[in-house]
Amino acid sequence: MDWIKRDDDSFDDQQNAFRIWLTNPANAALAGFGTPEVNNLDNAGSNWDTTFAVSKAHDLAGIPLTAGKNTSGDILKSIMRPMAKVIRARHQAGVLTDAQVLAAGMPLLDSTATAAATPTTRPVLAIVPAQRLEHTVRWTDETTPASRSKPAGVKDMELRVAVVAQGQPAPADPEAYDYYRVNDPASPNIVGFDPADGGKLAWMIGCWTSTRGERGPWSAAVSETIRA
């Protein structure tokens, strides 16, 4: 997300703090910038000051004038953004403190990522017989049966397959199924079988897994005969 403020007044305050902080030679040295870079920033900032003041005066007079202000703002922002990346890197390296980054008009980044929640919904599986010794497996989430989109926070789907004799029920224990990992949760997926499995019955179950590898509830088991 862009750290630079969108509205002109907030951006004006922000760029002013950024320039004041960097035009202090001690701060510029800590951030790793030389005089030419700081002067380039300050010159662009001065141009913004002029055009922004003119634009505000015209606004008060009811005669909008934004072209010069917008151009100078874009130029200033194009200089501030790469300089800010350097400041962030120096901050992460411990060269700059939180207080110094804030003094430069920059917000602190949230270093704590929000953990993905454990999935609470189940995929709904459907097996479509494909070629011999192959099944095409399709799935949706139980809450969005018309969409193939995965739920929020889900990284992939874990699919398990059990090949049994015709007439055998689905295994009750998920651990009785063979592990068949689907790294990409995009539906559909093709499951292949050994020639010895021809004519047998394939039971399948699946569950969503989060970006932390946590499993959600298992789906209902579905089955289809394996074409020899």
Side-chain angles (χ1 to χ4, degrees), residues 1-120 149-156 183-186 208-214 216:
M1 184 179 292
D2 195 354
W3 65 278
I4 292 179
K5 301 293 186 182
R6 289 181 177 272
D7 68 279
D8 290 338
D9 287 319
S10 297
F11 169 66
D12 187 51
D13 292 337
Q14 193 175 47
Q15 67 84 26
N16 192 51
F18 194 77
R19 287 165 56 201
I20 289 174
W21 190 81
L22 276 173
T23 49
N24 180 316
N27 293 337
L30 276 174
F33 297 116
T35 301
E37 295 163 300
V38 174
N39 286 345
N40 186 41
L41 168 71
D42 202 35
N43 290 336
S46 296
N47 192 39
W48 159 263
D49 290 341
T50 300
T51 56
F52 183 48
V54 170
S55 176
K56 293 197 77 170
H58 277 71
D59 285 344
L60 290 173
I63 309 173
L65 182 68
T66 60
K69 178 258 299 182
N70 290 346
T71 299
S72 63
D74 289 342
I75 292 173
L76 180 54
K77 291 172 186 177
S78 71
I79 295 172
M80 290 172 64
R81 286 190 177 101
M83 295 182 81
K85 288 183 179 180
V86 175
I87 292 173
R88 293 244 185 256
R90 305 279 279 193
H91 177 227
Q92 291 176 346
V95 177
L96 297 174
T97 65
D98 290 356
Q100 288 170 321
V101 172
L102 291 170
M106 298 170 53
L108 297 177
L109 295 178
D110 184 2
S111 59
T112 303
T114 302
T118 301
T120 58
S149 298
K150 61 185 178 181
V154 166
K155 182 182 179 182
D156 53 26
N183 292 319
D184 182 353
W208 299 120
T209 60
S210 73
T211 53
R212 295 185 294 170
E214 295 179 324

Could you report the tightest heavy-atom contact between [X] and [Y], atom names first, then the distance?
X: Lys155; Y: Ser210; answer: CB-O, 3.8 Å
X: Leu30; Y: Val95; answer: O-CG1, 3.6 Å
X: Pro119; Y: Val154; answer: CG-CG2, 4.1 Å
X: Ala31; Y: Val86; answer: O-CG1, 3.4 Å

Rounded to the nearest 0.5 Å, what separates atom [atom1] in [X] from atom [atom2] in [Y]?
X: Asp156; Y: Thr209; atom1: CG; atom2: OG1; answer: 3.5 Å
X: Leu76; Y: Asn40; atom1: CG; atom2: CG; answer: 10.0 Å
X: Ile87; Y: Met106; atom1: CD1; atom2: CE; answer: 5.0 Å

Among residues at least two apart in sequence or on other chains, which ones pass ring pair (Phe, Tyr, Trp, His ring centres under 6.0 Å) with Phe33?
none

Tell me which pairs pass side chain to side chain donor-acceptor pair (under 3.5 Å) where either residue lies in residues 78-97, with sequence neighbours left out.
Asp2-Arg81, His91-Asp98, Thr97-Gln100

Among all residues two or more places apart in sequence or in another chain, which pass the salt bridge (charged side-chain N to carboxylate O under 4.0 Å, His left out) test with Asp12?
none

Would you list the atom pairs, donor with acceptor, under 3.5 Å between side chains in residues 18-26 and any protein atom, with sequence neighbours excluded?
{"unit_1": "Arg19", "atom_1": "NE", "unit_2": "Asp42", "atom_2": "OD1", "d": "3.2"}
{"unit_1": "Arg19", "atom_1": "NH1", "unit_2": "Gln15", "atom_2": "OE1", "d": "3.0"}
{"unit_1": "Arg19", "atom_1": "NH1", "unit_2": "Gly45", "atom_2": "O", "d": "3.2"}
{"unit_1": "Arg19", "atom_1": "NH1", "unit_2": "Asp49", "atom_2": "OD1", "d": "3.3"}
{"unit_1": "Arg19", "atom_1": "NH1", "unit_2": "Asp49", "atom_2": "OD2", "d": "3.1"}
{"unit_1": "Arg19", "atom_1": "NH2", "unit_2": "Asp42", "atom_2": "OD1", "d": "3.2"}
{"unit_1": "Arg19", "atom_1": "NH2", "unit_2": "Asp49", "atom_2": "OD2", "d": "3.4"}
{"unit_1": "Thr23", "atom_1": "OG1", "unit_2": "Arg19", "atom_2": "O", "d": "2.7"}
{"unit_1": "Thr23", "atom_1": "OG1", "unit_2": "Ile20", "atom_2": "O", "d": "3.2"}
{"unit_1": "Asn24", "atom_1": "OD1", "unit_2": "Ala26", "atom_2": "N", "d": "2.9"}

Close side-chain approach of Trp48 to Phe11, heavy-atom, < 4.5 Å:
yes

So do the side chains of Leu102 and Leu108 get within less than 4.5 Å of each other, counting heavy atoms only?
yes

Got a donor-acceptor contact below 3.5 angstrom from the Glu37 side chain to the Ala28 backbone?
no

Decide if atom NZ of Lys77 counts as having more than 12 heavy atoms of other residues, nucleotides or ligands within a radius under 6.0 Å.
yes

Between Lys56 and Asp8, does any NZ, NE, NH1 or NH2 come within less than 4.0 Å of an OD or OE carboxylate oxygen?
no

By side-chain contact (heavy atoms from CB on, under 4.5 Å), which residues pair with Thr120, not counting sequence neighbours?
none

